[in-house]
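Reviewing the structure listed below.
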Amino acid sequence: MKRREFLLGSGAAAGALGLGAFGLEAGTQELAIQPASFALRDQVTNGMVSLSPDAPPPVLYGKQGEMMRLPVRNTLSDYTAMHWHGLRIPNGMDGVPYLTQMPIGPNEVFNYEFTPPDAGTYWYHPHCMTMEQMAHGLTGVMVIAEAEDPGFDSEQVINLRDFRLDEQDQFLPAYTARGAARAGTFGNVQTANWLDAPVYDHVSGGLVRLRVVNTDTTRIYKLHVNGATARIIAWDGHPTGIDLPMPTAEDPLLVGPGQRVDFAIQMPSGEGQTVELMAKLPGQPHRAMTQLRAVGRSVGRDLRELRPLPENPVAKPDLANAELHEFVFGWTPEGGEPTNGFCGSLGYNFWSINRKPWPGDAAQGVGPLATLQMGKSYVLRLRNESPNLHPIHLHGLAFVPLKSNLRTLAPLMTDTMLLLKDEVVEIALVADNPGDWAFHCHVIEHQKTGLTGFIRVT
Ligand code: C2O
Ligand code: CU
Ligand code: CU
């Protein structure tokens, strides 16, 4: 089997010395994470490519309703566990250490095996040593194809990620205590698929499905698309079902860590014309994260030829009989000692859910934040009591945002709700997947300094 070179250096001190190889071995797909040395800054300043010989972890392809086998072999010297973000799969396959499985030790294999019930754009990342391993690039995209081909001419996956590098292109520490206690620690090199503004060719006048995934540990992207007739067709994996306004430079789309957006793009008909995925970064002008370039003779497709994507089989909550549960996200009142286990602690408690900081991955005797009954409908009221934004993610279940005290929310199916400053949002779900499901902020520094818990469905 061909192993792919992959970026995974160690911490800043050791520079780009690798942590070893981390393999994901499967009959059909395999990925290996190996030490890689690279010179990103040079390459970026030269307007050129590539952080490592091979860039991001491979896009894993599956098909709705078809079993996937993904044995993960850990050849790192650290523990790990792999989580499949957004997939509604059995709890034992969810990859959360101490909650759904023991961490995967060095030289151990864990056989992940599941059948994705939903089509759409998902992703995978470790849930053990999360900060360190994600900061070093272990965040890959998963595409689950619809049972029936929706009729695009091509697809483009864009994995948006920042890296934190020093002048010598070595990794800076993945986080700072100051950042963790506030909005998070931001990277200083922005990439799309680990590249600086890559250009991808697609046929002129063709219909492209652009799958954009924010796998960053911290950054909330503000996106819009330039230069094409385009439409948002899916949000956090699930078809939108309704027409959403296209974001603009003045009114960009907020995509938090963990979130995904699929655009249907009608490529320009003139050869060489480009479509740009634009991002607004603080203190900078809008910049193109990536470009799609029209090539060849126009095939003359039209967005209106696309049928709406088929709905995923997610149960609709029965709001009349839903029980309400409240969750408050905020600072940590009393601190308290974080514990560690094998999965890495950031050593601080800054954040809390319902005023309790999650004490750490291996925490003993920490019960669920709520216990939901299998098959029943629930409304969860999420209150952000902090001035920082929090992308709140629930594993194993999909939910619908109902209302906010600050804005009108589209009734989109999602797994991650980006809470604005002082926002109170109600979401609704059917508790139809049994198990203990992690519930946390996807700013990893928040997650790992208290803003975590779990919800039990029984
Ligand atoms: Cu994408 Cu608990 O994570
Ligand atoms: Cu998840
Ligand atoms: Cu947060």
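Just follow the structure's listing: the first ligand is 1, and inside any ligand the first atom is 1.
- Nearest N, O or S atom of His446 to the Cu ion (ligand 3): atom ND1.
- Taking the ring axis of Trp235 as reference, the NZ or CZ atom of Arg260 does not stay both within 45° of it and closer than 6.0 Å to the ring centre.
- The Cu ion (ligand 2) lies under 2.8 Å from an N, O or S atom belonging to His83.
- Phe454 does not carry Arg456 over the face of its six-membered ring by the limits of under 6.0 Å from the centre and within 45° of the normal.
- The Cu ion (ligand 2) has an N, O or S atom of His393 inside 2.8 Å of it.
- His136 and Phe171 have their aromatic ring centers within a separation under 6.0 angstrom.
- Looking only at N/O/S atoms, His390 comes nearest to the Cu ion (ligand 3) through ND1.
- At a threshold of 2.8 Å, the Cu ion (ligand 3) has no backbone or side-chain N, O or S atom of His442 nearer than that distance.
- A perpendicular orientation is assigned to the rings of Tyr122 and His238, their planes being inclined by more than 60° (bins at 30° and 60°).
- Salt-bridge check for Glu423 with Arg407: passed, with a basic side-chain N closer than 4.0 Å to an acidic carboxylate O.
- For the pair ND1 of His85 and NE2 of His125, the angle at atom 1 (Cu) of ligand 1 is about 130°; rounding is to 10 degrees.
- Note on His442: counted as a metal contact of atom 1 (Cu) of ligand 1, an N/O/S atom lying under 2.8 Å.
- The environment of Lys280 atom NZ is dense: over 12 non-hydrogen atoms of other residues, nucleotides or ligands sit within 6.0 angstrom.
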Residue pair Tyr112, Phe114: steps toward the ring pair (Phe, Tyr, Trp, His ring centres under 6.0 Å) verdict: CA-CA 7 Å; Tyr112 293 96; Phe114 47 77; 7.4 Å; no
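- Metal site remark for atom 1 (Cu) of ligand 1: His83 contributes no N, O or S atom at a distance under 2.8 Å.
- Here His393 fails the criterion, with no N, O or S atom under 2.8 Å of atom 1 (Cu) of ligand 1.
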